[in-house]
K.L.:
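Sharing a structure, written as structure tokens. Questions coming.
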Amino acid sequence: MTVVTRIAPSPTGDPHVGTAYIGLFNYAFAKRHGGRFIFRLEDTDRQRYDAQAEARILEMFSWLSIAPDEGPGIGGDAGPYRQSERTDIYRQHVEQLLASGRAYRAFETAEELDAMRTEQKLLGRPLGYDGRGRSVPRQDQEERAAAGEPHVVRLLTPDDGATVFVDELRGEVSILNQEIRDPVLLKSDGYPTYHLANVVDDHLMGVTHVIRAEEWITSTPIHVLLYQAFGWPAPRFVHMPLLRNPDKSKVSKRKLDTSVASYREQGILPEALLNFLATMGWSMADGSEFFSVDEMVAAFDIQRVSLGGPVFDLKKLRYFNAKYLRDLLSLDEVARRVTPLLEERGYRWDDHDYLLDVVDVLRPRAETLVEIADGAGYFFTDEVRYDDSARKQLAGGQKYLEDLEREFSILEFFDYDGVDDLLHDYVQAQSVGMGKVLQPLRAALTGTTSAPGVTDLVTILGKRRVLQRIGQALSAINQGLPDDNPQRAADAEKAAAKAASAAKAASAAKAASAAKATSAGRAKAAPANPGTPATAPADETAAAGDAAETTAGTAPKKGGTATKARTTPAKRGSPG
RNA sequence: GGCCCCUUCGACUAGCGGUUUAGGUCACCACCCUUUCAAGGUGGCGGCACGGGUUCGAAUCCCGUAGGGGUCACCA
């Protein structure tokens with residue numbers, strides 16, 4: 001018997017992490033046993049139906065590389081795979097149950113059922129359908145149905161005893177039949193309910209293992225009863241623990257971001273999401289925590305699912321993502337994936353090695369693709385904005401910047417070692433701390449004080465841009481560091497506006513208000529340095545690459561940062 | 001509330017009667033490295049929900065209690 005599993009989402013909102021989660025385990029189980037994984041659309045709720053959803057869910061699985069073997073738009077022998085296209089099948093099966101007396105037509109209106117529930121609540125009685133429709137004679141049921149009276153079809157369930165099934169992870173689960181209240185099989189709109197469609201389809205599609213979320217556990221007896229009513233063997237059941245919000249309730253978009261597309265937009269990698277999801281309630285026997293889907297499949301054992309509901313922890317997801325970004329994926333791969341994000345921001349470069357250098361120094365400091373792209377600005381545009389800490393450094397670094405401008409301009413070998421030696425020599429000659437000199441330089445180069453190593457920055461940016469930026473910084477210093485902080489400028493603008501409105505009252509205030517507006521305007525109009533997004537200086541990068549030949553084999557410095565050891569064009573040894 | 005499921009550090013988990021002074025990871029803290037920020041290294045904090053049994057021996061088995069979750073729709 002070949003194993004067949006399925007993922008059966010309903011096309012409602014955004015593709016959900018829970019769907020990805022259950023899909024992953026169904027996929028892993030099927031593949032581990034050489035079986036098939038089916039995608040089936042449970043679109044029987046016409047009220048909540050979202051026409052976009054099907055394509056988006058499929059797109060999600062495609063992004064995750066969890067490929068169904070059968071499904072809508074994919075094909076397969078057991079189609080159609082949209083339940084809305086199988087209504088005839090369900091109707092036939094309902095007829096069968098009606099004929100055998102295992103189901104009956106019920107004519108209560110929604111209002112009547114509401115009233116029933118209200119009464120039950122009032123009397124403190126157990127909630128649920130009380131089976132009142134059972135007493136309508138079959139003859140009457142058929143006549144009323146034939147006359148076009150709206151109705152549903154309900155499964156006739158036993159009142160006594162219990163229905164037992166085996167959950168592969170929990171063992172026997174037994175539920176008293178009195179808890180099962182003649183569930184609706186066919187709705188008055190002619191569409192089947194989940195229970196009917198699910199059982200009929202799982203049977204017809206040859207599903208051998210139903211792997212679904214724990215929330216289904218209490219309705220499994222309904223399904224078991226249905227299989228019995230049809231005279232079919234039931235599949236095996238596996239109920240996965242429910243993913244949880246931080247407060248332990250089941251994941252919901254009210255309390256957590258449950259949209260896979262949203263994580264994708266945030267720069268989460270599919271590999272990381274999957275790996276993270278895999279560790280929710282499951283672990284590798286050898287204890288490894290980083291593994292691909294293929295590795296998971298190869299080692300998959302459903303019995304290693306743990307039953308406590310795992311909390312979906314954003315921090316850990318981001319950690320996994322960061323791990324993939326800096327260690328598990330190749331530099332080339334990461335570069336390939338940030339490329340569209342950089343292009344979106346209008347950044348251009350014409351030397352692929354330049355991109356690699358940039359990504360190489362940025363990725364250990366980022367947790368998502370978006371963070372890499374967001375932090376890459378100063379590598380692609382000369383419009384450097386100085387933040388508060390940067391201006392502080394600049395203010396005290398004028399002399400060093402002037403010196404370095406001169407030194408760099410006469411530096412012949414503008415590669416990692418050349419720059420590094422120059423910097424060290426200079427700092428030593430000044431007999432000051434490294435930070436004293438390098439922080440102002442970093443600020444001039446990037447506009448921030450938290451950035452990659454200065455030697456890396458200088459080497460990657462290249463001589464021309466380094467000199468240009470130092471020049472820009474020096475003129476900014478000379479102009480008294482005009483305030484180009486966007487936040488501050490905005491604040492100033494706001495203050496000016498406020499002052500302006502206040503000025504209406506008092507003419508005496510007019511002059512002051514005008515002055516303020518002027519200063520705010522100047523601040524706003526004084527970006528540190530005009531400039532357009534520039535192209536990476538390919539020549540300089542290439543020059544650095546050439547020099548790399550001599551140092552390519554250099555072992556990482558002891559105690560040095562990993563970044564420095566393998567980062568720079570020089571060290572990476574990429575001839576332009 | 002009835003029924004069902006679950007219960008190891010704040011979070012994810014390893015553990016399936018003795019190899020355990022309960023291991024790993026994230027988070028957090030400290031230190032190291034260090035030109036900033038990261039990364040990395042080292043160390044630390046912190047847990048078997050509780051109570052009974054069974055057993056020579058229990059985190060591991062049983063019962064009870066407590067807690068958490070799910071479910072009680074013509075939604076899935």
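Chain A is the first sequence line, chain B the second, and so forth, proteins listed ahead of strands; every chain is numbered from 1.
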K.L.:
Does a salt bridge link A:Glu108 with A:Arg132, judged by any charged N lying under 4.0 Å from a carboxylate O?
P.N.:
no

K.L.:
Within the 4.0 Å heavy-atom criterion, would you say A:Arg154 contacts the bases, only the backbone, or no part of the nucleic acid?
P.N.:
sugar-phosphate

K.L.:
Tell me the interatomic distance from A:Leu41, atom CG, to B:rC75, atom C1', rounded to whole angstroms.
P.N.:
15 Å

K.L.:
Under 3.5 Å, is there any donor-acceptor pair linking the side chain of A:Ser188 to the base of B:rC74?
P.N.:
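When only heavy-atom distances are counted, A:Ser188 does reach the base of B:rC74 through a donor-acceptor pair under 3.5 Å.
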
K.L.:
Looking for any heavy atom pair under 4.0 Å, which part of the strands does A:Val454 touch: base, sugar-phosphate only, or nothing?
P.N.:
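Base, at least one base atom sits under 4.0 Å.
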
K.L.:
Expressed as a whole number of angstroms, how long is the span from A:Glu172:CD to B:rC3:P?
P.N.:
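The distance from CD of A:Glu172 to P of B:rC3 comes to 19 Å, rounded to the nearest Å.
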
K.L.:
Identify whether any heavy atom of A:Gly433 sits under 4.0 Å from a base atom; if not, whether one sits that close to sugar-phosphate; answer base, sugar-phosphate or nothing.
P.N.:
nothing

K.L.:
Taking the same atom, P, in B:rA14 and in B:rU8, what whole-Å distance lies between them?
P.N.:
10 Å

K.L.:
Is a salt bridge present between A:Arg170 and A:Asp167, judged by a nitrogen-to-oxygen distance below 4.0 Å?
P.N.:
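A salt bridge is present here (some side-chain N lies under 4.0 Å from a carboxylate O).
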
K.L.:
Using 4.0 Å as the upper bound for N to carboxylate O, is an ion pair formed by A:Asp301 and A:Arg304?
P.N.:
no

K.L.:
Nearest to the side chain of A:Ser249, which nucleotide is it out of B:rC37, B:rA76, B:rG70?
P.N.:
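Output: B:rG70.
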
K.L.:
Which is more 5' along RNA chain B, the nucleotide nearest A:Pro126 or the one nearest A:Gly287? Just name the residue.
P.N.:
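Comparing both residues, the 5'-ward one is A:Pro126.
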
K.L.:
Please determine, for the side chain of A:Arg365, which listed nucleotide (B:rC4, B:rC12, B:rA38) has the closest atom?
P.N.:
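Closest nucleotide among those given: B:rA38.
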
K.L.:
What is the distance, to the nearest angstrom, from the CG atom on A:Asp247 to the P atom on B:rG67?
P.N.:
17 Å

K.L.:
Give me the distance, rounded to whole Å, that separates B:rC9 from B:rU20 when you measure between the C1' atoms they each carry.
P.N.:
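Taking atom C1' in both B:rC9 and B:rU20, they lie 15 Å apart.
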
K.L.:
The side chain of A:Trp216 lies closest to which of these nucleotides: B:rA76, B:rG69, B:rC37?
P.N.:
B:rA76

K.L.:
Answer yes when A:Asp189 and A:Arg46 have at least one side-chain N-carboxylate O distance shorter than 4.0 Å, and no when they do not.
P.N.:
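Not counted as a salt bridge, because no side-chain N and carboxylate O are separated by less than 4.0 Å.
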
K.L.:
So, for A:Ser259 and A:Asp14, which heavy atoms are closest and what is the spacing to 0.1 Å?
P.N.:
OG-OD2, 3.6 Å

K.L.:
Side chain of A:Tyr319: nearest nucleotide among B:rC26, B:rA39, B:rC74?
P.N.:
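The closest nucleotide is B:rC26.
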
K.L.:
Taking the side chain of A:Asp313 as heavy atoms from C-beta outward, which of B:rC74, B:rA11, B:rG69 is closest to it?
P.N.:
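In terms of side-chain proximity for A:Asp313, the closest of B:rC74, B:rA11, B:rG69 is B:rA11.
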
K.L.:
Which listed nucleotide (B:rG68, B:rU13, B:rU71) is nearest to the side chain of A:Lys250?
P.N.:
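Among B:rG68, B:rU13, B:rU71, the one nearest the side chain of A:Lys250 is B:rU71.
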
K.L.:
Tell me the closest heavy-atom pair linking A:Val466 and A:Leu461, and the distance in Å.
P.N.:
CG2-CB, 4.0 Å

K.L.:
So A:Leu176, base contact, sugar-phosphate only, or nothing? Heavy-atom distance under 4.0 Å.
P.N.:
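Nothing, no heavy atom under 4.0 Å.
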
K.L.:
For B:rC50 and B:rG67, measure between their P atoms and round to the nearest Å.
P.N.:
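These two P atoms come out 15 Å apart once rounded.
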
K.L.:
So if I take every side-chain heavy atom of A:Ile217 and compare against B:rC5, B:rU35, B:rU71, which nucleotide ends up nearest?
P.N.:
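Output: B:rC5.
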
K.L.:
What nucleic acid atoms does A:Glu179 come within less than 4.0 Å of, heavy atoms only: base, sugar-phosphate, or nothing?
P.N.:
base

K.L.:
Is any side-chain N or O of A:Arg304 closer than 4.0 Å to OP1 or OP2 of B:rG15?
P.N.:
yes

K.L.:
So, is A:Ser283 near the phosphate of B:rC12, with a side-chain N or O under 4.0 Å from OP1 or OP2?
P.N.:
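Looking at the OP1 and OP2 atoms of B:rC12, neither is under 4.0 Å from any side-chain N or O of A:Ser283.
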
K.L.:
Using the P atoms only, state how far B:rC26 lies from B:rG43, rounded to an integer number of Å.
P.N.:
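It works out to 13 Å between them.
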
K.L.:
Does A:Thr218 make a side-chain N or O approach to OP1 or OP2 of B:rC3 shorter than 4.0 Å?
P.N.:
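Checking B:rC3 against A:Thr218, no side-chain N or O comes under 4.0 Å of OP1 or OP2.
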
K.L.:
Return the pairing partner of B:rU19 with a 3.5 Å limit on both distances, Watson-Crick or G-U wobble; otherwise return none.
P.N.:
none

K.L.:
Base, sugar-phosphate alone, or nothing: which one does A:Ser219 contact when heavy atoms must sit under 4.0 Å apart?
P.N.:
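The residue A:Ser219 makes no contact with any strand.
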
K.L.:
Counting only heavy atoms not in A:Gln398, do more than 12 sit closer than 6.0 Å to its CD atom?
P.N.:
yes

K.L.:
Taking only side-chain N and O atoms of A:Lys187, does any of them lie within less than 4.0 angstrom of OP1 or OP2 on B:rC75?
P.N.:
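Answer is yes, contact under 4.0 Å.
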
K.L.:
OH of A:Tyr194 versus C1' of B:rC75: gap in Å, rounded?
P.N.:
11 Å

K.L.:
How would you label the contact of A:Thr12 with the nucleic acid (heavy atoms, under 4.0 Å): base, sugar-phosphate, or nothing?
P.N.:
nothing

K.L.:
Say we look at B:rA11 and B:rA27: how far apart would their C1' atoms be, to the nearest angstrom?
P.N.:
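Looking at atom C1' only, B:rA11 and B:rA27 are 7 Å apart.
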
K.L.:
Can you find a donor-acceptor N/O pair under 3.5 angstrom joining the side chain of A:Arg170 to the base of B:rC5?
P.N.:
no

K.L.:
Rounded to the nearest angstrom, tell me the gap between atom CZ in A:Phe276 and atom C1' in B:rU25.
P.N.:
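My rounded result for the distance is 12 Å.
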
K.L.:
Base, sugar-phosphate alone, or nothing: which one does A:Arg318 contact when heavy atoms must sit under 4.0 Å apart?
P.N.:
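It contacts nothing in the nucleic acid.
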
K.L.:
Choose from B:rC37, B:rU35, B:rC6 the nucleotide whose nearest atom is closest to any side-chain atom of A:Ser450.
P.N.:
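It is B:rC37.
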
K.L.:
If the cut-off is 4.0 Å, is A:Lys392 near the phosphate of B:rU36, judged by side-chain N/O to OP1 or OP2?
P.N.:
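Answer is no, no contact under 4.0 Å.
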
K.L.:
What are the two closest heavy atoms between A:Gln83 and A:Tyr90, and how far apart are they?
P.N.:
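Smallest heavy-atom distance, with atoms named: CG-OH, 3.2 Å.
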
K.L.:
Looking at B:rA73, B:rU13, B:rC5, which one has an atom nearest to any side-chain atom of A:Arg117?
P.N.:
B:rA73

K.L.:
Write down the distance separating the C1' atoms in B:rG46 and B:rC28, rounded off to the nearest Å.
P.N.:
10 Å

K.L.:
Have a look at A:Glu367 and say if it touches a base, only the backbone sugar-phosphate, or nothing, with a 4.0 Å heavy-atom cut-off.
P.N.:
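Nothing, no nucleic acid heavy atom in range.
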
K.L.:
Which base, if any, makes a Watson-Crick or G-U wobble pair with B:rU42, both distances under 3.5 Å?
P.N.:
B:rA30

K.L.:
Could you tell me how far B:rC29 sits from B:rU54 if I compare only their P atoms? Round to whole Å.
P.N.:
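After rounding to an integer number of Å, I get 48 Å for this pair.
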
K.L.:
Which donor-acceptor pairs under 3.5 Å do side chains of residues 439-446 of chain A form with protein atoms, sequence neighbours excluded?
P.N.:
residue	atom	partner	partner atom	Å
A:Gln439	OE1	A:Arg442	NH1	2.4
A:Arg442	NE	A:Pro452	O	3.4
A:Arg442	NH2	A:Pro452	O	3.4
A:Thr446	OG1	A:Arg442	O	2.8
A:Thr446	OG1	A:Thr448	N	3.1
A:Thr446	OG1	A:Thr448	O	3.1
A:Thr446	OG1	A:Thr448	OG1	3.3

K.L.:
Which part of the nucleic acid, if any, lies within reach of A:Thr279 when heavy atoms closer than 4.0 Å are counted: base, sugar-phosphate only, or nothing?
P.N.:
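The residue A:Thr279 makes sugar-phosphate contact but no base contact.
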
K.L.:
For a quick check of understanding: with a heavy-atom distance under 4.0 Å over all strands, which category does A:Lys316 fall into, base, sugar-phosphate or nothing?
P.N.:
base

K.L.:
For a ring pair (Phe, Tyr, Trp, His ring centres under 6.0 Å) check, start with the C-alpha distance between A:Phe25 and A:Tyr21, then their side-chain angles and the critical distance, and finish with the verdict.
P.N.:
CA-CA 7 Å; A:Phe25 280 82; A:Tyr21 177 59; 5.2 Å; yes

K.L.:
Once you apply a heavy-atom cut-off of 4.0 Å, does A:Val152 come out as touching a base, just sugar-phosphate, or nothing?
P.N.:
base

K.L.:
Counting only side-chain heavy atoms from C-beta out, which of B:rC12, B:rU35, B:rA39 sits nearest to A:Arg326?
P.N.:
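Per side-chain heavy atoms of A:Arg326, the pick is B:rA39.
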
K.L.:
Using the P atom in both, what is the distance from B:rC61 to B:rG47, to the nearest Å?
P.N.:
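22 Å, rounded to whole Å.
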
K.L.:
So which one's nearest nucleotide on RNA chain B is more toward 5', A:Met284 or A:Pro192?
P.N.:
A:Met284

K.L.:
Using purine N1 to pyrimidine N3 plus N6-O4 or O6-N4 for Watson-Crick, or N1-O2 and O6-N3 for G-U wobble, both under 3.5 Å, which nucleotide pairs with B:rA49?
P.N.:
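Base-paired to B:rU65.
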
K.L.:
Would you mind pulling out the nucleotide paired to B:rU71, Watson-Crick or G-U wobble, both distances under 3.5 Å?
P.N.:
B:rG2

K.L.:
What's A:Arg442 touching, base or sugar-phosphate or nothing? Going by heavy atoms closer than 4.0 Å.
P.N.:
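The answer is base, as A:Arg442 lies within the cut-off (heavy atoms under 4.0 Å) of a base atom.
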
